[in-house]
Amino acid sequence: MEIHSMHFKARAGQKMADVVLQQNLKKTRSKFVDKRANAIRQLDDFEDLRTAAQELRDRVINNLDLWLERFEEEATRRGATVLWARDGAEVCRLTVDIARKHGVTMAVKSKSMLSEEAALNQALEAAGIRPVETDLGEYILQINNNEPPSHIVAPVFHKSKEEISALFARTHGLPPKTGIEEMAREAREVLRPHFLSAGMGISGGNFLVAETGSVALVTNEGNGRMVTTMPDVHVAITGIEKVVPTLEDLATLMRLLPRSATGQSISNYFSLLTGVKKPDDSDGPRHMYFILVDNGRADLVAGEYAAMLRCIRCGACMNHCPVYQSIGGHAYGWVYPGPMGSVLTPLLGGIENALDLPQASTLCNQCGSVCPVNIPLPDLLRKLRERQLKNGLRPLSERLLLRSWSWLARHPRCYTLAAQLGARYLRWLGEDGKRIRVLGLMPEWTTGRDLPAPPGKTFRELYAARARARK
Amino acid sequence: MNTRENILARLRGSLGRNAENGAHGRAIINEYLAAHTKGPQPKISGDLLARFCEESKKLSSSVDEVTSLRDVPQAVARYLAEHKLPTQAVCWPEFASLDWRGAQLDVASRTVDGRDPVGITGCHSAIAETGTLILCSSPLTPAALSLLPETHIVIVPAGCIVGVMEDAWQRVRTEVSTGKAGWPRAINFISGPSRTGDIEQTIVLGAHGPYRVHIVIVRE
Amino acid sequence: MRVGLLVTCLIDMLRPRIGFATLELLEAAGCSVVVPQTQTCCGQPAYNSGDRTATRQLAIKLLGEFEDCAYVVVPSGACAGMVRKHYAELITDDPALAQRMATLAAKTYELTEFLVNVAKIENMPGNHTGSVTYHDSCSGLRELGIKAQPRRLLARLPGVTLKEMPDAEECCGFGGAFSVKFGELSAAIAERKCNSIHTAAADVVVGGDLGCLLNIEGKLRRMGDETTRVLHIAELLAGVCGDGSEGC
């Protein structure tokens, strides 16, 4: 997917002014947060689990080459073909080649964020292969002119049911439905024939299990199972960092992922898929392909951002982020929004293409405090800010301001004078000595709120005066 | 250099991989894979059956209990009548010989197709911690029966209920290693009817999989 | 106890009254307080903007000013958090210096945690009567675990009724430079916080960080709320609440 993160600030402004979006965000804001909180409360020891999860993810990341080789061995042994892709273009090329090899004209897809990174649907269409999204949220986006998702777990977090109803009526040519249940049934009936006739199923992979050479899929709708059971060919596309060592490790992560994502104790469907259809099996694919994707991940290993590779794509960080809650996911301009997107987009897409993302954070750490694998998100955002500064990517005015402030702070006598002048100036600006409505120096503050006017003298000058008076 | 080599070479470079630490690393991997070390697990003690039933109901499955396998057809007929559901079903071969006819049900053991309204399966095991059913694919236990029909009925012997997911993995491993079966192509964990929350984060049952899951526990 | 008061740049310039209130509380708790005169800023603005070099320089300066105090007390969770959680890792090339930073970190406290856990203050001069709601500033809460301490202190004022707001732990949107780089976003988040405050329907909103309080007060007033008072917890506990006073 093309990166549009350089337009973050403008888009964020549009999203804040988007009345329908704001209503939708308001309705859903607390749902994920409350459900997650309830689900986590049921665990005996969340901290223990998080530590175990962090350790098992680091175990793989710190030896990713060896674990990938092991996974490849096991998967191949069981009849799958393991392919590797450097970037999105290669993902598309490999998938189209597989489709052509097997004479596929229509492919059903369950959720794959990697396929979004690679803009796979467009490539398939260009090659004359029709991709059909089956995850309800992804399907809605597809029929809405391939709109990008706004959340990694809930792709149409930003849409109201009225919007969806209208979209269905337009696309399916059926009378518009008012109830959510009716809409889900309509989607089920429209999509069912595609599952049964598709030549290929394309999925992502929540985890790759090295022990058994398997892919683990976490879904609620059943489309993940359909896509990987009915068609003759299954292609699983995942990032290289998704390897998990053992089935026990999978169980540990499965205690955290559904709870962190949607507040469920376990997802509706959890499938471990290993190899191909056996001679006597009545269902399952005869051909299984893994596409292991780099797209910038290999460069993060052993570096200062390696912790980001632990991510299990639960979405808890964005659900708890005050910035995400204010604007939704599209403003972030790429596949991944919220805090994890603000770290991944510059790292995978180029730091200069997403300058605002690491800056647009209060570093409140609501994200880090809910991350099931303890990714220190504010630290990573700060490191990106450092990198931007070092690479000369910050505006001159900002650098000058920062430089001046730091210089003053190291020169107490000059600082004292500057602070006194500043305090008096701000007091002078204030109406009734109470508030400043317009602050020319920093209009971003006063566009949305007042600045309480200071009394006009600094603490240190008053304290010094008091000390003198007492002598 | 092909992509695979390129990616592995860059990883090896970043990680300072050499022959020595590579050999050592692989040894550690082998050890770790053999150890099957478990992470923190909740204590699931006491009546596993009761816990399983409780959790299943939370997931919107319905639960019934019968004494023996012979009682299953009547129990299923009762359920279908109560919910005004069709009396035609497809089942796994192991249940073909039950007296479905006697319960006025038309049950056949064959490949399911998109129009079959009811699928009757057994299960490999069931997890009390979360009310989850585990179905392993094989020629005699095809996965599609639990997926395509609108109603999924599962016959669960009480003895196959385990406490946690880790116990289920252990069972599968043991069966595979004692040659009872090869590693299943698909191990499907099913926790209730299919659902979606994609529209306004409101959960509705019956997405692409079954609308309802009815569990019949066989005590003996 | 010889306590060094780190008054913070925001309090120094924009609300000295909080500094004097803090002094009063520390003296009421039996401390002898010094206020190193050359102190300026803990360096957090530079740190969060990605300038580690400048931050390190400011950290070393602060170390020099406060090193020989038995404790360093700060009426700000953000600044206390900066010293306690981030100073030591700034020094990567000098183990002895890093150790001195770690020692400094270990004796640096936010005001309410110092009063409750270390000084174990008994009597406070404050005599406010009315309802109060408490905003949990992010750094204090998530870096230092400050949650119970201010509430414990508020409970000791007989005239004060605590009314918790919904989402007390949600960020207010200040975030330092964020408030002036992404002002619209910052104000939108502040509005949600102010709505929570209004739900609590208390006379006063209290917090431990002036940055948050200026943001909240500015937003309340712009929303047309002229009556909800916004005070630092030091001001409430020390009874230094008069408007327009220039120090005590």
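These numbers come from the heavy atoms of this one structure, side chains and all, not from hydrogens, waters or symmetry mates. The model shown is predicted, which means the values in this text are computed figures rather than measured ones.
Neither the backbone nor the side chain of C/S139 comes within less than 4.5 Å of any heavy atom of chain A. At a 4.5 Å heavy-atom cutoff, the contact between A/T446 and chain C is made by backbone and side-chain atoms alike. With a threshold of 4.5 angstrom between heavy atoms, C/E226 approaches chain A through side-chain atoms but not through N, CA, C or O. With a 4.5 Å cut-off on non-hydrogen atoms, C/Q39 touches chain A through its backbone and its side chain both. With a 4.5 angstrom heavy-atom cutoff, A/I327 touches chain C only via side-chain atoms. For C/C172, no part sits under 4.5 Å from any heavy atom of chain A, backbone or side chain. With a 4.5 Å cut-off on non-hydrogen atoms, C/N215 touches chain A through its backbone and its side chain both. Both the backbone and the side chain of C/Q37 come within less than 4.5 Å of a heavy atom of chain A. Only the side chain of A/S369 comes within less than 4.5 Å of a heavy atom of chain C; its backbone N, CA, C and O stay farther away. Residue contact with chain A, scored on non-hydrogen atoms closer than 4.5 Å, involves the backbone and the side chain of C/K219 alike. Both the backbone and the side chain of C/V35 come within contact range of chain A, with heavy atoms under 4.5 Å apart. Interface residue C/L23: only side-chain heavy atoms are found under 4.5 Å from chain A. Proximity to chain C is limited to the side chain of A/Y415, based on heavy atoms less than 4.5 angstrom apart. Neither the backbone nor the side chain of A/L439 comes within contact range of chain C; no heavy atoms are under 4.5 Å apart.
In terms of non-hydrogen atom pairs under 4.5 Å with chain C, the most contact-rich of A/P358, A/P443, A/A423 is A/A423. Among the candidates C/C171, C/A54, C/A46, the residue making the largest number of heavy-atom pairs closer than 4.5 Å to chain A is C/C171. Interface check for chain A: of the options C/L213, C/I18, C/D51, the most heavy-atom pairs under 4.5 Å are formed by C/D51. For the options A/A419, A/A464, A/G422, A/C321, heavy-atom pairs under 4.5 Å to chain C are most numerous at A/A419. Highest contact tally toward chain C, considering only A/T447, A/L363, A/V323, is held by A/V323 [criterion: heavy-atom pairs under 4.5 Å]. For chain A, the option among C/E169, C/E143, C/Q57, C/E217 with the highest count of heavy-atom pairs below 4.5 Å is C/Q57. By number of non-hydrogen pairs under 4.5 angstrom with chain C, the leading residue of A/G13, A/A12, A/A409 is A/A409. Of all the listed residues (C/S179, C/A190, C/C138), the one sharing the greatest number of non-hydrogen pairs under 4.5 Å with chain A is C/S179. Comparing C/E191, C/E184, C/R192, C/R221 by heavy-atom pairs within less than 4.5 Å of chain A, the highest count is held by C/R192. Among the candidates C/T38, C/L141, C/N48, the residue making the largest number of heavy-atom pairs closer than 4.5 Å to chain A is C/N48.
The environment of NZ in A/K26 is sparse: at most 12 heavy-atom neighbours from other residues, nucleotides or ligands sit within 6.0 Å.
The backbone N or O of C/T40 lies less than 3.5 Å from no partner atom in the side chain of A/R460, so there is not a single donor-acceptor pair. The backbone N or O of C/G50 sits nowhere less than 3.5 Å from a side-chain atom of A/R385 that would complete a donor-acceptor pair. At least one donor-acceptor pair closer than 3.5 Å links the side chain of A/K9 to the backbone N or O of C/K181. Panel note: side chain A/R435, backbone C/G218; no donor-acceptor pair is recorded below 3.5 Å. Remark: the backbone N or O of A/L451 is not paired with any side-chain donor or acceptor of C/R222 at under 3.5 angstrom.
For residues 398-405 of chain A, a heavy-atom distance under 4.5 Å to chain C picks out A/E398, A/L402, A/W405, given by residue number.
Between A/F8 and C/F182, the two ring planes are perpendicular [angle over 60°; tilted spans 30° to 60°].
Residues A/Q366 and C/E170 have side chains that bring a donor and an acceptor to within less than 3.5 angstrom of each other.
Residue A/F459 is tested with C/T8, C/L5, C/T22 for a side-chain contact (heavy atoms from CB on, under 4.5 Å); the sole match is C/L5.
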Query raised in the report: Between C/L14 and A/L426, is a side chain to side chain contact (heavy atoms under 4.5 Å, CB included) present by the stated rule, with each step listed?
Result: CA-CA 9 Å; C/L14 298 179; A/L426 289 172; 3.8 Å; yes
Report task. Test side chain to side chain contact (heavy atoms under 4.5 Å, CB included) on A/E386 and C/R52 and set out the steps. Result -> CA-CA 7 Å; A/E386 273 173 56; C/R52 279 179 85 90; 2.9 Å; yes
**Report entry** Residues A/R382, C/H86; criterion side chain to side chain contact (heavy atoms under 4.5 Å, CB included); working and verdict
**Finding:** CA-CA 12 Å; A/R382 198 183 287 114; C/H86 302 289; 4.0 Å; yes
Requested in this report: Check the pair C/F20, A/R466 against side chain to side chain contact (heavy atoms under 4.5 Å, CB included), reporting the backbone distance first and the verdict last.
Outcome: CA-CA 11 Å; C/F20 287 107; A/R466 196 178 76 161; 3.8 Å; yes
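Inter-residue side-chain proximity for A/P454 and C/R15 is flagged as unmet; no heavy-atom pair is nearer than 4.5 Å.
Atoms CD1 and OG, on C/I189 and A/S326 in that order, are 4.5 Å from each other to the nearest 0.5 Å. Atoms CZ and CE, from A/R449 and C/M223 in turn, are 12.5 Å apart once rounded to the nearest 0.5 Å.
Contact between C/V180 and A/W445 at its shortest, heavy atoms only, is CG1-CB, 4.1 Å.
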